[in-house]
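The structure presented is a predicted model; accordingly, all values stated were derived computationally and were not measured. Numbering of ligands and ligand atoms starts at 1, following listing order. Starting from 1, each residue takes its place in the sequence as its number.
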Amino acid sequence: MSKKVLFFCLGLAVLLASCTTTRKDAKEISLAEAFSPYFPLGVAVNSATVDSSQDLIRKHFVSLTAENEMKPSLIFPRMNTWITGGADAIANLARDMAIGMRGHTIVWHQQTPGWIFASAGGPASRNQVLERLAVHMDFMHERYGDVIHSWDVVNEAISDAPGEFLRPSPYLDRIGPDYIAEAFRLARAHLPGTKLFYNDYSVLDPVKQDKIFRLVSELLADGVPIDGIGFQGHWSIYYPDGATLERAIQRFSALGLEIQITELDLSIYNHDDQTSRFDSPPPELLELQAQGYQEIFEILVRNSQYITGVTFWGVADDSTWLDNFPVRNRKNWPLLFDENQEPKPAFFAILQSLENFDSAP
Ligand code: GLA
């Protein structure tokens, strides 16, 4: 055997050995523990996955977000009526695990009951809507203040339409353009002891990013109490590129804001792809997904001084909102664990990003 071939074989053997070790050790690893020097790892859960994925949740995550159960339409469907069963189950798991939660969300144009904006058959006044927000915050603080560490006070207020700044919303109609500032001021008073976040998608799109940057800069200049910005992170195996993500993190953190990635998942379909081409996840796409996650986590770890949390939007591929969005009944596989709740290549890839960072000169 030539020297070259010998070295090649030895190299391959070492590589294979290290892969098998990593895979064998997967059962021992806790992702949250591995990332604990950098930022807390969280996960969105729902009334079903708190049970069906509980082992993974307990092992790998140290922060929970209610996928829907704390949204106003579910928890505050009628005046003076809160329906708390779903949210309680999630908060109780967090309490049992002695970990915290992200509160999601207070002010949003979607999943908000119409009564908040109505009064005696007509529109509610500015003061009525603000008062209802305050009452709701008091309730949420009273019931969940012991577990919630951060709140998405306002979700998705910026418009995607060219030339339009704030998205049309009943909050904008009833309260006026200062509704975001007012929501944060109320939140500081009525949700004490929590970090207050503005949360949105497409933060990496240059036009939308400029609008969001303008919004939070103006809030800060006006002395509005905002602590951070949530990048939702509903991305794909083709997007984003690392440099864009890194620039955005640094741009917003330069304002003194904390950054949290709040809803991370990587669709195996491109954003505009409406086809349903796959019955099972093609291995080469799972490999691309692993590379995408690895690049994202290399950047997050490298910028961890600005990042106070990273939350996945779901535990495992057996339960993901992307099975019905943007195409109904199209299976997707966007998370770190597969449909059998076993670790995917992406699981090992984000651990690899840590190893690369730790062993960098
Ligand atoms: C947005 C919202 C989330 C959730 C996702 C889709 O990102 O912030 O609460 O509804 O869409 O599941």
Side-chain angles (χ1 to χ4, degrees), residues 42-50 53 63-77 86-87 90-91 101-113 136 140 144 148 150-160 166-171 180 183-184 187 195-205 208-209 211-212 215-216 226 228-236 239-240 245 248 259-269 271 274 296 309-336:
V43 69
V45 299
N46 58 45
S47 303
T49 59
V50 277
S53 293
S63 171
L64 304 183
T65 305
E67 195 173 338
N68 288 298
E69 289 76 354
M70 288 190 180
K71 290 173 179 169
S73 60
L74 274 97
I75 203 164
F76 195 22
I90 298 170
M101 290 187 69
R102 300 194 79 260
H104 178 79
T105 176
I106 303 282
V107 169
W108 191 23
H109 64 285
Q110 282 180 17
Q111 291 186 268
T112 299
H136 179 48
M140 295 305 276
Y144 304 112
I148 294 186
S150 312
W151 265 104
D152 291 331
V153 177
V154 179
N155 196 32
E156 303 179 350
I158 289 295
S159 173
D160 297 313
L166 295 181
R167 150 198 315 283
S169 143
Y171 283 109
I180 300 168
F184 276 96
K195 296 286 181 134
L196 305 180
F197 280 75
Y198 175 74
N199 190 49
D200 214 331
Y201 62 86
S202 295
V203 182
L204 306 184
D205 169 83
K208 186 142 176 194
Q209 184 179 118
K211 293 184 198 175
I212 297 173
L215 171 71
V216 294
I226 173 172
I229 172 156
F231 294 16
Q232 289 187 0
H234 294 298
W235 294 322
S236 83
Y239 179 91
L245 173 61
I259 312 288
Q260 293 189 1
I261 310 295
T262 55
E263 305 184 16
L264 182 58
D265 49 20
L266 295 192
S267 168
I268 65 148
Y269 288 94
H271 182 64
Q274 302 270 318
I296 289 168
V310 176
T311 289
F312 292 89
W313 204 246
V315 187
D317 289 345
D318 58 347
S319 174
T320 161
W321 74 295
L322 289 174
D323 285 350
N324 286 297
F325 183 88
V327 177
R328 277 201 80 72
N329 287 321
R330 178 180 75 174
K331 184 69 200 131
N332 208 323
W333 300 272
L335 297 164
L336 300 185

What do you reckon, does [X] have a nitrogen or oxygen under 3.5 Å from a nitrogen or oxygen of ligand 1?
X: E263; answer: yes
X: H234; answer: yes
X: N199; answer: no

(request) Report yes or no: does K211 contribute a side-chain atom to a donor-acceptor pair with the main-chain N or O of S159 at less than 3.5 Å? (result) yes
Considering non-hydrogen atoms only, spot the tightest contact between [X] and [Y] and give its length.
X: E69; Y: V45; value: OE1-O, 4.0 Å
X: V153; Y: A183; value: CG1-O, 3.7 Å
X: D205; Y: Y239; value: N-OH, 3.9 Å

(message) Can you classify the ring geometry of H234 versus W313 as parallel (below 30°), tilted (30 to 60°) or perpendicular (above 60°)?
(response) perpendicular
(message) In terms of relative ring orientation, are W108 and H104 parallel, tilted or perpendicular, with 30° and 60° separating the classes?
(response) tilted
(request) Hey, could you give me the CG/NZ distance between D323 and K331, rounded to the nearest 0.5 Å? (result) 3.5 Å
[X] and ligand 1 - part of the residue with a heavy-atom distance under 4.0 Å:
X: W313; answer: side chain
X: W108; answer: side chain
X: N155; answer: side chain

(message) Give me the nearest non-hydrogen protein atom to atom 9 (O) of ligand 1 as residue plus atom name, then the distance to 0.1 Å.
(response) H104 NE2, 2.5 Å
(request) Around atom 6 (C) of ligand 1, find the nearest protein heavy atom and jot down its residue, atom name and distance. (result) W321 CE3, 3.1 Å
(message) Out of K71, E156, Q232, M70, who is nearest to atom 4 (C) of ligand 1 when you count heavy atoms only?
(response) K71
